[in-house]
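Before we start, here is the structure in question, set down as structure tokens.
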Amino acid sequence: MTHLGSAKDLGEKEAKEKLVTGLKKIFLQNDIEKKFNVKLLLEITAGSGEIMGDNFEEIACFIKKTEMGISKNKIGVCFDTAHAFASGYDLRNKKSVKKTFDDFDKIIGIERLKLVHCNDSMSDFNSHIDRHENIGYGKIGLKGFEAIVNEPRLKNLDFILETPNNKVGENLRVLKKIRKNI
Ligand SMILES: [Zn+2]
């Protein structure tokens, strides 16, 4: 799995081309697709500064371009809740969670979604600032996570906590409490 890096001074067009070349190299140079049954996951970012990969359209485009010339379905997506929220995908209630994953499905395809990084966000909606918070203490909030853990399209995915201050156990208890048997 990888973040997509920053365009910095390269300029958007050149940076995107370099990124796709780099992603292709991973598969072609190492013959990965023939040797191993693995996928590469691209993680959605919060999009601070010139950081790439903060929206579904861009990620879909990177997947499409990278897969040209290599096998299909080698690339998946890791959905980090804090990054997506800071990048402008609302997750604060059932309706907005449904809309976010409807959009994901329309633009990227829900079958590409392979992993969830489960973090509340210290920073505001659409702020493009990447700050993780413990579940229920941030701007996504408990109502948002209740919708996330009960979203049917996420039911069979692994969730990984990346919350601050070593509170994984506590966060896990909160998530289990709000998860219904879906
Ligand atoms: Zn993450």
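When a ligand or atom number is given, it counts from 1 through the structure's own listing order.
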### Task
Please confirm if an N, O or S atom belonging to His132, backbone or side chain, lies less than 2.8 Å from the Zn ion (ligand 1).
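No N, O or S atom of His132 is closer than 2.8 Å to the Zn ion (ligand 1), so no.
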### Message
Could you tell me if Asn134 and Asp120 have a donor-acceptor pair between their side chains, going purely by distance under 3.5 Å?
### Response
no
### Query
Does a donor on one side chain sit under 3.5 Å from an acceptor on the other, for Ser96 and Asn93?
yes
#### Entry: Sole candidate of Asn126, Ile140, Asp124, Thr100 that passes side chain to side chain contact (heavy atoms under 4.5 Å, CB included) when paired with Phe85
Ile140
### Message
Below 30° counts as parallel, above 60° as perpendicular, anything between as tilted: where do the rings of His3 and His83 land?
### Response
perpendicular
### Query
With the Zn ion (ligand 1) at the apex, how many degrees lie between ND1 of His117 and OE2 of Glu43, rounded to 10 degrees?
90°
### Query
Restricting to N, O or S atoms of Asp80, which is nearest to the Zn ion (ligand 1)?
OD2
### Message
For the Zn ion (ligand 1), give me the closest N/O/S atom belonging to Glu162, just the atom name.
### Response
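Minimum-distance N/O/S atom of Glu162 relative to the Zn ion (ligand 1) is OE1.
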